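Computed over heavy atoms, backbone and side chain alike; hydrogens, waters and symmetry mates excluded. Labels below follow one simple rule: chain letters A, B, ... track the order of the sequence lines, proteins then strands, and each chain is numbered from 1. Here the structure is a predicted model, which means the values were calculated and not measured.
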There are 2 protein chains.
Amino acid sequence: MSRLSIGAVAEATGLSVYALRYFEHEGLFPRDIPRDTGGRRVYGQPDVDWLLLCNRLRESGMPIAVIKRFVDLVREGAGNEADRLALLRQHEADVRAKIDELHACLTVIHRKVVSYEKHFAEGTATGLWETS
Amino acid sequence: MSRLSIGAVAEATGLSVYALRYFEHEGLFPRDIPRDTGGRRVYGQPDVDWLLLCNRLRESGMPIAVIKRFVDLVREGAGNEADRLALLRQHEADVRAKIDELHACLTVIHRKVVSYEKHFAEGTATGLWETS
DNA sequence: CTAGGACCTACAGTGCGCTGGAGGTCAAGC
DNA sequence: GCTTGACCTCCAGCGCACTGTAGGTCCTAG
């Protein structure tokens, strides 16, 4: 069983030690992180795996509070898998919606880029930013 | 020429009047918004058009400070179109990268969803959240 | 002629997600 | 045995993007 220090976990997950302590404070770990005799956190590989998933959830816009809800369900133990699934599915839908939104933005932005490029080809003139 | 009140512009853009005043304070308008005799803002349609583009930029993650940089270039007048284009292209690249990242997240999340669904089909058991 | 509502400025407050400082413990290396 | 460095707790502070409040103006409708 791997015994990882907070520094090693920070290294492995790309999170700062500040963030790791903060996450623990916010209850974002599915288990209590044990301490050694000196009071230092001792993480295991499953904690790192969870943090990597957690990173994906955060990157994709899941608020800390929602991650906590998920973690709370996990900590409650077996029996609420339907709730956990619903939460994940909802987030999956949110992410898909966000991707669609970004594509829409991209269309608008790209149109603007093209209008500038066209403008360039013709030499500078008027009416650049005003029209959407 | 349309003469729109702040309330009308809020309505048209989905922004709050607070946000509109804030944006003006932060220098996010390519022109100074004029006032009527009573000191009230008088917007035109081009301002609304700009705000709609601005909304896309914000939705797609462009920070206020970067939008301001773009606006500053526009306010400088003709001659820096290359800089404006570079800024937009950079953002376009950022958005594409963000979309890719979200797709990667989606893969991980979807895998998790499927693992829960599979779990469901089999009846509840162990090893749900630990494995990424 | 007064009450309401939309607007104004200036500035303080909020929520989120960390980040950092103060003051202290502990084990290892010189 | 002393310094260094990684760690600890507690709590304050920060950056961003607004949101809201206080105190005031102005116009319109009853």
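Whole-Å rounding puts the A:Arg21 CZ to C:dG17 C1' distance at 16 Å. At whole-Å resolution of the value, CD in A:Glu26 and C1' in C:dG15 are 12 Å apart. Between the OH atom of B:Tyr18 and the C1' atom of C:dA6 there is a distance of 12 Å, given to the nearest Å. Remark: P of C:dG17 and CD1 of A:Ile67 are 8 Å apart, rounded to the nearest angstrom. In this entry the distance linking CD1 of B:Ile33 with P of C:dC7 reads 14 Å, nearest Å. The interatomic distance linking B:Tyr22 (OH) with C:dG13 (P) rounds to 18 Å, in whole Å.
Below 30°, between 30° and 60°, or above 60°: for A:Phe29 and A:Tyr43 the angle between ring planes is between 30° and 60°, a tilted geometry.
B:Glu92 pairs in a side chain to side chain donor-acceptor pair (under 3.5 Å) with only one of the listed residues (B:Arg96, B:Gln90, B:Arg89), which is B:Arg96. Just one residue in the list A:Lys68, A:Arg75, A:Arg69 forms a salt bridge (charged side-chain N to carboxylate O under 4.0 Å, His left out) with A:Asp72, and that residue is A:Lys68.
For B:Ser5, the side-chain atoms get nearest to C:dC7 when compared with the rest of C:dG17, C:dC8, C:dC7.
Residue A:Arg40 has no polar side-chain atom (N or O) positioned under 4.0 Å from OP1 or OP2 of C:dA27.
The outermost nucleotides of DNA chain D lying under 4.0 Å from heavy atoms of chain A, listed 5' to 3', are D:dA6 to D:dT9.
Positionally, the nearest nucleotide of DNA chain D for B:Ala65 lies more toward the 5' end than for the other of B:Thr37 and B:Ala65.
Between the base of C:dC8 and the side chain of B:Arg41 there is no donor-acceptor pair shorter than 3.5 Å.
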